[in-house]
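Reviewing the structure listed below.
Here the structure is a predicted model, which is why all the values come from computation and not from measurement. Numbers here simply count residues along the sequence, with the first being 1.
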Amino acid sequence: MPASAPTQQPPRPHRAGRPGPHRLGAGLAAGALALSGVLAGGGTATADARGGASARAAGAAGTGPAAAASPSSAASRAKAGDLLDVTLDQLHPTQPAIGFDQIYYKLGRYTSTKDEANGDLNKRFDDWCETNGQEKAATVTSGAVLTDPSSFTCSVPVGEETDETRAAMKTVVVGPGGVLYLTDGHHTLTSFLETPGGGPRTHIRLRVVDNLSGLSSAAFWQTMREKKWVWLRDENDRPITTDQLPQHLGLAYFHDDRYRSLVYFTRDIGYQAPSDAAEFLEFQWGTWLRERVDLNAYDLTAPASYLTAIRTASETMSATPGDTVIADGRTADELGRMKEWNNGKKATGGEFGKLSVPISEAKPGKPAYALDFRSRVPAAPACTKTLTGTHVGPLVVSSGVTCLNGTKLTGPVVVGAGASLVAKGAGITGPVQAVGARTVQICGTTLTGPLSVVGTKERLTLSGPGCTPNSLNGPVQSVGNP
């Protein structure tokens with residue numbers, strides 16, 4: 001796919017102004033190539049279909065949609081410190097769990113109009129620009145979406161990044177075969193994937209921390225463990241193997257670690273991430289807090305009780321001596337312990353005061369956004385049978401609730417009257433048919449074959465809040481469903 005000559009996009013009107021707006025640069029305008037190449041020293045090398053590259057000057061807009069290139073073509077040549085333009089569906093996680101409530105806070109705020117009502121730009125554009133190494137959003141046009149970077153601008157143009165703006169970018173390791181392993185940014189990028197106007201094909205640039213593409217799989221994972229670039233503990237702090245890591249970003253692929261969310265909410269109250277923060281710092285604090293704060297003693301659906309849990313956790317973090325080993329040989333001070341809880345301010349002020357603001361106010365706190373969004377996520381029925389791994393042959397669900405959790409299934413699926421099917425992060429090759437089912441919930445699933453759902457009694461969920469986008473490769477029939 002040879003590169004075309006860049007064309008300049010016409011200027012768009014400002015929806016809201018901030019000083020110094022700049023048009024987004026090469027490889028990141030609408031239609032930028034998936035993993036279009038390596039950016040180092042202000043230019044972008046665009047990989048073509050033959051694995052070659054053609055230089056494009058930073059600051060020029062892309063010329064239109066193009067087929068996704070293989071990650072290996074550009075990534076295998078990347079060096080530490082290079083910037084890679086990728087799409088979210090090309091990234092492999094290096095941790096099995098995330099804090100869902102942190103994601104729900106972001107999604108609640110991204111889908112709210114409160115930022116705009118306060119005279120600000122929606123936070124999702126600030127977050128995208130910061131993650132992309134471009135500081136913050138400058139202007140946003142009406143109807144702007146993350147999948148169309150030409151619909152908004154950032155304050156720092158591509159090619160003019162500073163050490164400070166690059167430091168805020170998320171990081172990736174290039175593995176065998178050019179496969180990309182995300183080492184930081186699972187929560188941020190999952191939020192971009194799950195929000196309306198985002199999705200798996202959303203572009204973002206990542207900073208390469210190392211290229212290990214020349215190693216064998218065994219040597220690669222050994223190096224990842226030695227350098228602490230992988231977190232191999234599940235949502236209940238039990239050890240896992242690398243084979244148990246998710247294959248994609250998205251809520252459907254991860255487990256929910258409540259302590260990871262708890263630590264996120266204590267940020268700038270009980271701890272502040274140091275400039276040389278350890279990878280998976282929040283998980284290390286979460287491991288330590290499990291033995292000191294019993295979340296089962298709190299009602300995490302009630303704002304007041306949730307805030308009490310956050311206060312207890314953050315006060316415990318701040319009160320512990322700085323030389324206390326928290327996890328993995330690191331002390332509380334090395335993990336950013338704040339010597340004064342809430343920076344010495346009363347509970348009604350500082351960051352904890354901001355955290356406590358209810359959803360009814362103009363600037364709600366993070367837990368309020370999280371709980372409000374969580375209330376809109378349909379609860380999946382409890383599984384009576386769970387399939388994982390690989391399944392070949394017909395699957396007939398005649399009663400109860402059958403859950404497909406990351407299952408690779410080849411064969412027809414039939415859901416009978418009164419039965420339920422819940423598929424999360426699954427891959428199904430074959431037709432899926434449900435007639436008179438109680439509940440059908442399919443999220444983050446690749447289906448190659450027709451889907452027919454007729455007369456569901458309680459709920460059909462194929463999209464919406466908390467439902468990771470599906471890839472449905474076949475005709476879809478939905479008749480008489482609530």
Side-chain angles (χ1 to χ4, degrees), residues 71-72 75-82 84 86 88 90-99 102 167 169-190 206-250 253-260 263-264 271 273-291 324-336 388-389 405-406 425:
S72 61
S76 61
R77 300 189 299 275
K79 302 181 296 297
D82 285 344
L84 285 178
V86 306
L88 300 183
Q90 294 173 320
L91 302 175
H92 290 249
T94 54
Q95 63 191 54
I98 56 178
Q102 179 176 340
M169 300 178 73
K170 307 308 179 184
T171 53
V172 68
V173 170
V174 183
V179 175
L180 302 175
Y181 291 89
L182 187 68
T183 56
D184 179 43
H186 294 77
H187 289 78
T188 297
L189 300 189
T190 293
L206 302 175
R207 179 164 45 85
V208 177
V209 294
D210 207 347
N211 188 331
L212 305 178
S213 60
L215 299 182
S216 67
S217 179
F220 168 75
W221 285 117
Q222 179 64 27
T223 302
M224 293 288 283
R225 285 189 288 265
E226 290 173 353
K227 291 184 176 290
K228 305 185 188 304
W229 289 338
V230 60
W231 182 260
L232 295 176
R233 304 195 75 83
D234 71 7
E235 72 279 13
N236 296 308
D237 202 36
R238 298 173 300 200
I240 66 164
T241 66
T242 56
D243 291 340
Q244 293 173 284
L245 289 169
Q247 294 300 302
H248 303 282
L249 295 176
Y253 299 97
F254 288 109
H255 295 284
D256 179 23
D257 185 339
R258 298 185 301 167
Y259 284 89
R260 178 59 180 76
V263 173
Y264 172 71
Y271 85 101
S275 58
D276 58 346
E279 301 288 355
F280 308 109
L281 175 150
E282 291 86 355
F283 282 111
Q284 293 173 350
W285 273 118
T287 296
W288 184 78
L289 284 171
R290 288 174 191 275
E291 300 178 359
T324 302
V325 175
I326 300 300
D328 204 22
R330 295 182 179 272
T331 67
D333 281 348
E334 289 175 327
L335 295 181
T388 59
N405 290 345

Consider only side-chain N and O atoms of Thr183 and Thr171, and report whether a donor and an acceptor are under 3.5 Å apart.
yes

Please assess Leu249 against Phe254 for the test side-chain contact (heavy atoms from CB on, under 4.5 Å), listing each intermediate value before the final yes or no.
CA-CA 8 Å; Leu249 295 176; Phe254 288 109; 4.0 Å; yes

Under 3.5 Å donor-acceptor, Asn405 side chain and Thr388 backbone:
no

Student check: side-chain heavy atoms of Glu235 and Asp256 closer than 4.5 Å:
no

Under 3.5 Å, side chain of Asn211 to main-chain N/O of Ser213, donor-acceptor pair present?
yes

Would you give the length of the straight line joining atom CH2 of Trp221 to atom CG of Leu212, rounded to the nearest 0.5 angstrom?
10.5 Å

Rounded distance [0.5 Å steps], CG in Leu88 versus CG in Leu180
11.5 Å

Could you tell me whether the side chain of Arg330 reaches within less than 4.5 Å of the side chain of Trp285, counting heavy atoms only?
no

Could you tell me whether His255 atom NE2 has more than 12 heavy atoms of other residues or ligands within 6.0 Å of it?
no

His186 side-chain N/O to Pro96 backbone N/O, donor-acceptor pair under 3.5 Å:
no

Considering all heavy atoms of both residues, which atom of Gly178 and which atom of Val174 are nearest to each other, and what is their separation?
CA-CG1, 3.8 Å

Applying side-chain contact (heavy atoms from CB on, under 4.5 Å) to Glu334 and Ile326, what does each step give before you reach the verdict?
CA-CA 9 Å; Glu334 289 175 327; Ile326 300 300; over 6 Å; no

Output side-chain donor-acceptor pairs under 3.5 Å for residues 275-282, partner residues at least two apart or in another chain, one line each.
residue	atom	partner	partner atom	Å
Glu282	OE2	Arg267	NH2	3.1

Using 0.5 Å steps for rounding, measure from the CZ atom of Arg233 to the CD atom of Gln95.
14.0 Å

Run Val230 and Arg225 through side-chain contact (heavy atoms from CB on, under 4.5 Å) and show every step you take.
CA-CA 6 Å; Val230 60; Arg225 285 189 288 265; 3.9 Å; yes

Side-chain heavy atoms of Leu232 within contact of Pro239, under 4.5 Å:
no

Check whether any side-chain heavy atom of Tyr181 lies under 4.5 Å from a side-chain heavy atom of Trp229, and answer yes or no.
no

Would you mind reporting whether Asp210 and Lys227 have side-chain heavy atoms less than 4.5 Å apart?
yes

Is Arg207 salt-bridged to Asp184, cutoff N-O under 4.0 Å?
no

If I take atom CG from residue Leu215 and atom OG1 from residue Thr223, how far apart are they, to the nearest 0.5 angstrom?
5.0 Å

Nearest 0.5 angstrom please: Leu245 CG to Ile240 CD1, how far?
4.5 Å

Spacing of Thr190 atom OG1 and His248 atom NE2 [to the nearest 0.5 Å]:
12.5 Å

Determine, stepwise, if the pair Asp237 / Tyr259 fulfils side-chain contact (heavy atoms from CB on, under 4.5 Å).
CA-CA 10 Å; Asp237 202 36; Tyr259 284 89; over 6 Å; no

